[in-house]
Amino acid sequence: MKKLTPKFPQLIHGADYNPEQWLSYPDILKKDIELLKKAHMNSVSVGIFSWAHLEPQEGVYDFDWLEEIINNLYDNGIYTVLATPSGAKPLWMSEKYEEVRRVSKDGVRDKSGDRHNHCYTSPYYRMKVKQMDTKLAERFSHHPGVVLWHLSNEFCGECYCPNCVNAFREWLKEKYQTLDNLNHAWWTHFWSHTYRSWDQINPPFSNGELSIHGLNLDWKRFVTHQTVDFMKVEMDAVKAVNPEIPCTANLMHFYDGLDYNKFDCLDVVSWDNYPQWHRGNNVDIAARSGACHDVMRSVKHQNFLLMENTPSTVNWVPASKLKRPGMHLAASLQAVAHGSESVQYFQFRKSRGSSEKFHGAVVDHVGTDETRVFRDVTEVGKTLEALTDKIYGSEVKAEVAVIYDWENRWAVENAQGPRYGSRSKSWDGKGDGIHYIETVLKHHRALWNKGINVDFVDMEDDISGYKLVIAPMLYMLRNNFGDKIKAFVEGGGKILMTANSGIVDDTDLCFLGGWPGAGLMEVFGIWNESIDGLWDEDENSMVMSENSPFDGSFRCSELCGIIHARGAEVLATYGSDFYEGEPCLTVNKFGQGKAYYLATQADGDFLDKFYDVLVSEAGVKRNLETELPYGVTVHTRTADDGTEFVFVENYSGEEKELMLPNEYLDILDGIRVKSIKLEPYQVKVLS
């Protein structure tokens with residue numbers, strides 16, 4: 001059992017706390033302590049946007065106010081997650097040193113202001129950040145109340161300044177060694193864009209080179225490299241003083257600007273979760289939120305922290321809709337079910353002015369505990385206290401892995417075919433184009449519906465320990481992943497690969513000799529001759545063959561791969577168009593395992609039936625071997641002694657009744673049960 005916060009090994013209930021906004025309001029700071037305790041909160045994150053108060057002018061530091069806050073919190077049993085303030089630089093710095101301000105994609109340097117707009121390459125900014133972090137660590141890292149470092153805030157964005165351009169060229173030199181290697185990898189002979197000097201290479205400026213897909217891909221890799229390198233400067237600074245305090249950084253689920261799998265150098269992964277509850281179908285929202293928890297847990301394949309969520313509303317969407325009764329507790333326990341060791345909020349007290357003065361908070365402008373939101377938060381605090389001794393340190397164990405690879409995402413969304421439109425417009429993949437994220441989520445959803453724990457893996461992970469691997473739209477094969485798939489299936493594993501997979505190598509060059517490339521035609525027993533990209537209004541159907549595990553015809557759309565069986569057994573064929581009767585679903589026995597190929601975008605009703613077959617054949621354990629009503633899902637955490645904690649979650653908005661396969665203990669109610677009734681948005685925790 002790994003303790004994420006060894007100095008305070010408990011489920012954390014806390015919030016972003018910004019006392020620097022209230023230093024001239026001593027009565028409010030005193031009241032905050034009282035309200036924190038009433039809400040059963042045991043930790044707060046402090047200092048995230050405090051640089052202007054910590055260093056009001058260059059070289060002049062003031063940490064006394066922060067020490068007073070941390071001491072007062074600790075004296076009242078409240079621990080501190082201490083942030084480094086690099087996420088928002090002070091105005092004196094950005095005005096005096098223009099190199100710290102980013103240059104945008106159009107080549108224009110930012111003005112002072114806003115946040116998340118510093119250059120990760122700037123030598124001055126790196127020096128000042130290291131200096132600030134070292135001084136904070138020297139003052140506070142041995143304080144008994146400081147349990148975790150919170151590095152910066154929501155790392156994101158990119159800079160096109162001269163320092164970054166030069167660093168990008170050096171990164172490319174190290175990777176490719178020669179221009180001949182780079183020109184071949186990027187296929188620059190197309191349109192006569194061959195590079196003859198490293199100095200000719202620029203990032204993909206908005207008014208420059210945008211058509212070389214290898215360049216676009218490597219630029220995004222470089223941005224991740226530079227961001228992680230900057231983050232390591234912060235980690236090294238605080239750990240040089242006291243290596244015992246773990247470091248985290250708050251990530252953002254499927255954010256496409258950075259490859260979060262490269263952030264596994266963090267001691268602890270934390271993330272910020274803001275699903276738009278009650279905007280449409282809450283079951284769909286819950287399934288997507290669950291996938292986000294899983295992808296964050298899978299960065300290090302260990303428990304994580306929910307660093308931010310809102311207890312009520314957010315103010316940066318068109319409608320600030322309140323959480324309905326019961327939803328806040330349900331959403332909080334969903335995080336815990338997927339492996340979170342905390343429930344934390346942005347923020348504790350609402351700002352009085354500026355950008356997020358109407359963003360949800362534990363304490364509203366009224367400044368009391370007499371609000372429904374405060375009562376909801378208190379209920380979460382009491383629930384976490386009741387659970388902590390039982391479930392803290394228990395882990396999510398999964399027998400199924402879904403491949404989600406950021407580099408594959410970058411490549412497939414930039415590929416200009418077989419469906420081409422603007423890149424996905426939101427984290428859930430909605431918008432025209434290839435719908436990579438939507439495809440990943442669709443397959444995760446089929447498993448979520450059945451109450452099955454799921455890990456996400458990328459192509460640098462080991463897949464040998466899983467029983468079933470799902471490869472949605474694995475367009476790019478990198479890091480010898482074709483060999484990993486071959487070994488996995490040969491050793492007895494079951495894999496499902498979907499349309500538009502095995503098309504290019506790691507520099508986005510198409511495989512020659514047939515798709516899927518990298519030796520996978522042999523594994524899957526098929527040749528994918530071409531792919532028909534359909535318009536949104538088009539559709540086809542999948543007609544199940546006589547030897548299929550179930551009957552029927554099912555709608556398919558968007559992509560229709562024209563495949564030929566070369567040893568594979570045909571399980572379904574297309575129902576119309578010039579390729580009517582041609583295979584669209586196959587299975588191939590290879591070694592001790594089986595490789596399935598789904599050549600089209602299938603709807604959820606097909607996936608629901610098909611995953612029953614895959615799960616059963618692979619011997620995957622369901623978290624409850626019972627029929628789950630619509631909107632109800634189940635996740636488990638397992639303790640070191642083998643005890644399973646079963647979270648039964650109802651997002652349907654209606655009362656649901658569930659017969660259990662055995663007798664269970666309802667942990668929160670303290671009674672033994674053979675069946676349960678779930679109110680709308682209720683979660684039961686059983687063992």
Side-chain angles (χ1 to χ4, degrees), residues 254 281-295 298 334 337-338 396 398-404 428-430 435-457 463 466-474 493-501 541-542 544 548-550 552-559 571-572 584-587 594-636 648-649 651-652:
F254 287 100
N281 187 333
N282 278 323
V283 178
D284 295 340
I285 296 166
R288 290 196 296 270
S289 179
C292 291
H293 288 304
D294 285 342
V295 79
S298 298
Q334 180 191 45
H338 285 261
V396 175
E399 299 176 328
V400 182
V402 174
I403 300 169
Y404 169 68
D428 59 2
K430 292 184 176 177
H435 291 164
Y436 171 65
I437 292 294
E438 191 171 47
T439 302
V440 170
L441 290 172
K442 183 185 292 186
H443 286 269
H444 181 278
R445 171 67 180 272
L447 295 157
W448 185 91
N449 287 341
K450 300 180 188 306
I452 294 172
N453 291 353
V454 176
D455 280 347
F456 283 99
V457 296
I463 60 174
Y466 296 99
K467 294 181 177 179
L468 175 63
V469 171
I470 314 301
M473 208 180 293
L474 200 62
K494 310 297 188 298
I495 190 168
L496 169 65
M497 181 178 276
T498 79
N500 200 29
S501 290
S541 62
M542 302 173 59
M544 307 309 293
S548 297
F550 52 88
S553 177
F554 301 87
R555 179 182 177 275
C556 61
S557 60
E558 296 192 3
L559 301 174
L571 299 181
C584 59
L585 176 65
T586 60
V587 61
K594 287 185 178 181
Y596 290 86
Y597 196 88
L598 175 62
T600 185
Q601 286 281 39
D603 280 0
D605 54 349
F606 166 77
L607 294 179
D608 186 61
K609 287 181 174 291
F610 188 51
Y611 272 97
D612 279 335
V613 175
L614 292 181
V615 165
S616 175
E617 186 174 74
V620 171
K621 174 180 174 293
R622 300 184 189 221
N623 292 324
L624 273 183
E625 293 292 347
T626 190
E627 187 74 18
L628 297 180
Y630 173 77
V632 174
T633 187
V634 184
H635 294 87
T636 58
V648 189
E649 310 153 49
Y651 302 102
S652 70

Could you give the distance from NE2 (His293) to NE2 (His635), rounded to the nearest 0.5 Å?
9.5 Å
Heavy-atom count check: over 12 atoms from other residues, nucleotides or ligands less than 6.0 Å from Glu627 CD?
no
Provide the closest heavy-atom pair for Ala471 versus Ser501 in the form atom of the first, atom of the second, distance.
O-OG, 4.0 Å
Test Asp608 against every option in Arg445, Lys442, Lys450 by the salt bridge (Lys or Arg N to Asp or Glu O under 4.0 Å) rule and name the one that passes.
Lys450
Ala602 to Leu598 - nearest heavy-atom pair and separation
CB-CD2, 4.1 Å
For the atom pair CD1 (Ile452) and OG1 (Thr636), what is the distance rounded to the nearest 0.5 Å?
10.5 Å
Taking Gln334 for the side chain and Ala286 for the main chain, is one N or O donor matched with an acceptor at less than 3.5 Å?
yes
Side chain of Lys467, backbone of Gly619: donor and acceptor closer than 3.5 Å?
yes
Which word best sums up how the rings of Tyr404 and Phe456 line up, parallel for under 30°, tilted for 30 to 60°, or perpendicular for over 60°?
perpendicular
Answer yes or no: is there a donor N or O on one side and an acceptor on the other, between the side chain of Asn623 and the main chain of Gly451, under 3.5 Å?
yes
What is the distance from atom CG of Leu585 to atom OH of Tyr597, rounded to the nearest 0.5 Å?
11.5 Å
Parallel, tilted or perpendicular for Phe550 and Phe554, by the 30°/60° rule?
perpendicular
Taking the side chain as every heavy atom from C-beta outward, state whether Tyr466 and Val457 have any pair of such atoms under 4.5 Å apart.
yes
Within this structure, what is the CG-CD1 distance for the pair Leu496 and Ile470, rounded to the nearest 0.5 Å?
5.0 Å
pair Leu614-Lys494: side-chain heavy atoms closer than 4.5 Å
no
Non-hydrogen side-chain atoms of Asn449 and Tyr611 separated by less than 4.5 Å
no
Quick one, Phe606 and Cys556 - any side-chain contact, counting heavy atoms below 4.5 Å?
no
For residues Tyr436 and Ile403, report the shortest heavy-atom separation together with the two atoms involved.
OH-O, 4.0 Å
Taking Thr498 for the side chain and Met473 for the main chain, is one N or O donor matched with an acceptor at less than 3.5 Å?
yes
Using a 4.5 Å cut-off on heavy atoms from C-beta on, say whether the side chain of Tyr651 contacts that of Ile285.
no
Does some side-chain heavy atom of Asn453 sit less than 4.5 Å from a side-chain heavy atom of Lys621?
no
Which pair of non-hydrogen atoms, one from Met542 and one from Ala572, has the smallest distance, and what is that distance?
CE-CB, 4.3 Å
May I ask you to test the Val402-Leu447 pair for a side-chain heavy-atom distance under 4.5 Å?
yes
Look up atom OG in Ser652 and atom CG in Asn281, then write down how far apart they are to the nearest 0.5 Å.
9.5 Å
Backbone of Asp605 reached by a side-chain donor or acceptor of Asp603 within 3.5 Å
no
On a heavy-atom basis, the closest approach of Pro472 and His443 is CB-CD2, 4.2 Å
Point-to-point distance, once rounded to the nearest 0.5 Å, from CD of Gln601 to SG of Cys584:
12.5 Å
Test item: Trp448 and Val283 side chains (from C-beta on) under 4.5 Å apart, heavy atoms:
yes
